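The structure appears below as structure tokens.
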Amino acid sequence: MKYNPKSVEKKWQERWRSSGLYKADLKSDEKPHYYNLVMFPYPSGDKLHIGHWYNYAPVDSWGRYMRMQGYNVFQPMGFDSFGLPAENYAIKTGIHPAETTKVNIDKMKDQISAIGGMYDLDLDMKTSSPDYYKWTQWIFLKLYKKGLAYKKAAPVNWCDSCCTVLANEQVDNGRCERCKSEVRRKNLTQWFFKITDYAERLLDYSNLDWPEKTIAMQKHWIGKSEGIEIDFPLADADAHVTCYTTRPDTIHSVTFLVIAPEHPLVDKLLKGSEYEKEVRRVQAEISKQNDIERMAEEGNAKIGAFLGKYAINPATGEKIPIYIANFVLMYGTGAVMADAHDQRDFEFAKKYDIPLKYVISPDGSERNPYEDEIAYTEDGILFNAGEFSGMKNREALSKIADWLEEKSIGKRKTHYKLRDWLISRQRYWGAPIPIIYCQSCGEIPVPESDLPVVHPHVENYMPKGKSPLADSAEFVNVNCPQCQQPAKREVDTMDTFVCSSWYFLRYLDAHNPDKAWSKELADKWMPVNMYVGGPEHACMHLLYARFIHKVMNELGLVESKEPFARLVHQGMITKDGAKMSKSKGNVVSPDEFVDKYGSDVFRMYLMFMGPFTQGGDWNDKGITGVARFVDRFYKIIKNPIENPSAVEDMDKLIHETVKRTKDAIEKMHFNIVIAALMELVNTAMKKGLSEEQKNIAIRILAPFAPHLAEELWEITGNKGSVFDASWPDYDPKMLESKTATYAVQVNGKLRATLELDKSIDKKSAIEKAKELENVKKFLKKGDLVKEIFVPNKIIAFVVKG
RNA sequence: GCCGAAGUGGCGGAACUGGUAGACGCGCGGGACUCAAAAUCCCGUUCUCCUCGGAGAGUGAGGGUUCGAUUCCCUCCUUCGGCACCA
């Protein structure tokens with residue numbers, strides 16, 4: 001009889017649910033804890049697609065494996081339900097985001113249930129529910145009180161016709177992606193979290209089992225650099241321009257300064273200047289470019305303007321002109337010293353006819369080896385550099401820095417590229433920021449006892465230049481918590497990354513009305529042992545979560561210093577080489593495959609496609625292979641081929657399979673696990689399995705085909721769930737064999753193979769190999785000059801002539 | 001441009017620390033079963049020669065180290081991912 005996945009899977013899912021098999025007892029210390037976490041999904045209208053399955057199914061297999069290794073596995077699942085798509089959908093259709101969110105979550109819950117995973121969906125956790133965002137607001141207040149939340153004006157990309165802020169990626173060539181009207185820079189007062197205070201602490205990755213690549217990306221993002229701030233006095237005023245550089249060795253070649261068009265000095269320097277008109281024109285032009293365009297490599301010329309003023313190069317005493325240019329941004333000091341040894345400065349100087357001066361060449365000779373065509377940016381020997389001439393520039397670097405510090409011209413400084421985290425959004429579908437503005441008391445945080453600040457219902461979500469929450473008079477008008485006089489609420493909402501930066505703590509104590517999380521449980525369960533999600537979150541979510549966690553740690557609210565001990569990124573599933581998206585119309589739904597082949601087959605096929613971290617292009621061609629494997633496995637256990645004489649040989653294979661699959665699982669190479677199980681089945685088809693061997697085989701399979709394994713566990717007469725049994729161990733003695741297969745090579749080419757006893761010595765092994773006909777043939781072709789013997793592997797001869 | 005990863009049969013992919021390249025699966029070819037087909041089972045399947053024992057070539061391209069290289073080194077090409085013209 002053939003295996004019927006449909007009825008069997010339904011049966012076991014119901015049993016698991018009714019027995020509460022996978023409910024982790026968070027308070028129990030009976031078994032070691034294992035927090036197995038997958039990044040929670042956004043409840044989109046696209047529902048669950050193959051990419052989600054590719055992510056969730058192997059993580060579930062991992063969790064089941066850990067459970068069978070004796071761990072108390074906690075594997076929750078919730079929803080990141082605030083965000084822009086629901087709001088945009090509401091603008092289009094008028095359906096309230098809360099409603100679409102609920103519909104999408106219900107649908108996705110059904111789909112996740114169909115996987116038949118251990119995911120605990122009963123926690124019913126979503127970031128848009130008041131009992132969750134109450135605590136997001138509470139975290140805001142914690143940061144506020146620690147001085148880590150502040151307001152400042154920041155430039156944003158603004159579209160006048162859409163009346164809204166645009167992300168850099170929504171700006172296309174200076175125009176709004178949606179309505180094509182011109183985008184302008186506009187200053188808005190916004191809330192920030194001071195993540196920059198934690199730059200140094202965030203650079204500590206000790207004890208984190210994370211992909212090297214992700215750590216490298218975060219380090220790059222934080223961007224620590226050791227340099228020096230140098231003051232350039234103005235030629236005709238008692239003021240100076242401070243520039244930051246990591247290359248003080250080039251100070252003698254500095255022939256001009258470039259400051260950001262937004263630099264506060266620009267207005268002062270321009271006062272009554274004949275250059276004002278041109279500078280304003282260039283400023284206006286640059287203001288149309290977003291940061292990405294301003295820094296874009298291709299298709300964007302360097303533009304700038306002379307400010308009509310000069311500074312003094314403190315090293316040479318020379319008068320040098322000051323410019324503004326698009327490529328200098330108002331970060332750090334907003335000013336750079338420019339010279340001939342930087343390609344960007346070099347090009348700018350050529351365009352605006354600014355004289356250049358060289359101070360480095362490969363051999364110290366006074367010329368640019370590239371003949372003035374491109375900048376010489378490599379290292380070399382200094383010349384025209386005063387007392388430093390003749391030194392290697394890298395060696396002179398710190399000496400010049402010392403010299404600048406001694407003369408009080410410069411001061412060494414560590415810079416970080418990391419900017420503070422802009423958390424306010426002028427959007428409806430997000431957690432309200434718990435701040436009240438009072439005419440007499442000023443900016444007042446909402447008292448913790450008044451949380452949550454409930455998200456109001458509004459009629460119109462259309463952006464009008466300010467948050468739609470401003471429409472609700474009931475929401476906006478409150479009494480000041482301090483003086484009880486009429487006051488107004490902050491109407492901006494929080495970035496959804498704030499909501500997702502602590503959800504793993506809430507899972508541990510979901511819906512507790514009195515606390516964000518229980519410290520006791522957090523100390524038992526944190527950090528998350530295994531965290532799996534897409535690599536696109538390397539710099540945002542994963543950095544923000546670490547930041548918030550470190551703040552909570554310093555406040556004594558959690559013991560762990562890091563939220564995620566081990567991190568793995570799953571690969572991306574594409575369709576015909578393209579990312580799946582509704583707009584491209586290439587979203588593949590898992591439902592029809594699950595319906596046709598069952599969850600076990602579908603999940604194993606996804607795992608069989610290739611290494612988990614690699615991803616791949618979706619193609620349903622091979623799924624029949626996995627379906628055949630499942631049928632065979634079922635058949636072997638249920639209708640055994642009786643052949644007792646051969647069954648003994650199977651012992652070795654079974655133990656080999658345990659070892660192979662175990663090694664592959666720990667590396668998350670699930671494709672190898674499935675392949676090894678297929679090999680076992682193929683051999684077992686011929687030779688049969690004993691009852692004991694069947695018992696082991698079922699347990700190896702269980703994490704990957706949980707329904708089938710449970711069914712077979714029951715059929716073979718076992719009591720209870722296979723997931724309460726332990727994953728099998730192998731006996732190393734069983735893997736040993738008396739003989740080894742040697743490859744016999746002549747001049748590096750394989751000429752024969754030879755089965756030899758493992759205890760054989762070099763001399764007799766070589767004798768045996770020499771007797772082989774095909775080896776003799778090639779040995780005759782010249783003089784034997786070398787014999788190589790690698791135990792249990794190779795016998796090689798080198799012949800010359 | 002810089003940083004990172006990858007490139008292996010018709011396809012997805014395997015190969016531990018330099019030691020028999022192509023496991024496993026799909027597809028394809030042949031056979032068994034069948035009135036027939038599906039399903040299932042068995043055999044074969046990198047390419048080119050061949051006297052059917054084998055021989056030669058072969059892991060993006062070209063060099064190098066080595067008895068031996070998918071694996072190590074150099075140069076180059078292509079694809080994917082990341083980025084910030086950060087001074």
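These numbers come from a predicted model, not from an experiment. Residue numbering restarts at 1 for every chain, and letters A, B, ... go by the order of the sequence lines. All heavy atoms count here, side chains included; hydrogens, waters and symmetry mates do not.
- Nucleotides rG10(B) and rA23(B) are separated by 14 Å at their P atoms, to the nearest Å.
- When Watson-Crick and G-U wobble pairs are counted only if both distances are under 3.5 Å, rU70(B) pairs with no nucleotide at all.
- Residue Ile672(A) places its side chain closer to rA14(B) than to any other of rU17(B), rC24(B), rA14(B).
- Taking atom C1' on both nucleotides, rG56(B) is separated from rC3(B) by 42 Å, rounded to a whole Å.
- Separation of the C1' atoms belonging to rC76(B) and rG22(B) is 27 Å when rounded to the nearest angstrom.
- Closest to the Phe778(A) side chain, of the nucleotides rC67(B), rA87(B), rA55(B), is rA55(B).
- Cation-pi geometry between Arg751(A) and Phe778(A) is met: the NZ or CZ atom falls under 6.0 Å from the ring centre, inside 45° of the normal.
- Using atom P as the reference point in both rG29(B) and rU46(B), the two lie 16 Å apart (nearest Å).
- Each of Ala216(A) and Gly223(A) lies near RNA chain B, and the nucleotide nearest Ala216(A) is the one positioned closer to the 5' end.
- Between Arg632(A) and rC41(B) there is a side-chain N or O to OP1 or OP2 distance below 4.0 Å.
- If you take atom P in rC72(B) and the same atom in rA6(B), they sit 9 Å apart, rounded to whole Å.
- Annotation: cation-pi geometry satisfied between Arg546(A) and Tyr205(A) (NZ/CZ under 6.0 angstrom from ring centroid, within 45° of ring axis).
- Note: NZ (Lys770(A)) to C1' (rC67(B)) measures 15 Å, nearest angstrom.
- The side-chain heavy atoms of Lys786(A) and Val799(A), taken from C-beta on, include no pair separated by under 4.5 Å.
- Comparing rA23(B), rC67(B), rA87(B) by their closest approach to the side chain of Glu679(A) singles out rA23(B).
- Rounded to the nearest Å, the gap between the P atom of rG4(B) and that of rG13(B) is 24 Å.
- A glycosidic torsion no more than 90° from 0 defines the syn conformation, and rG9(B) adopts it.
- Distances from the side chain of Asn682(A) to the nucleotides rC24(B), rG19(B), rG82(B) place rC24(B) closest.
- rC86(B) atom P lies 17 Å from atom CD1 of Ile230(A), rounded to whole Å.
- Comparing the same atom, P, in rG18(B) and in rC74(B) gives a spacing of 16 Å after rounding to whole Å.
- Taking atom P in both rG82(B) and rU75(B), the straight-line distance is 26 Å, to the nearest Å.
- Distances from the side chain of Pro611(A) to the nucleotides rG4(B), rG13(B), rC24(B) place rG13(B) closest.
- The base-pairing partner of rA14(B), taking Watson-Crick or G-U wobble contacts with both distances under 3.5 Å, does not exist among the strands shown.
- Under the Watson-Crick and G-U wobble criteria, each requiring two contacts below 3.5 Å, nucleotide rA36(B) is left unpaired.
- The shortest non-hydrogen separation linking Ala697(A) to Leu680(A) is CB-CD2, 4.2 Å.
- The partner of rC49(B) is rG54(B), by the rule that a Watson-Crick or G-U pair needs both atom distances under 3.5 Å.
- Under 4.0 angstrom from either OP1 or OP2 of rG56(B) there lies at least one side-chain N or O belonging to Arg751(A).
- Atom NZ of Lys596(A) has 12 or fewer neighbouring heavy atoms from other residues, nucleotides or ligands inside a 6.0 Å radius.
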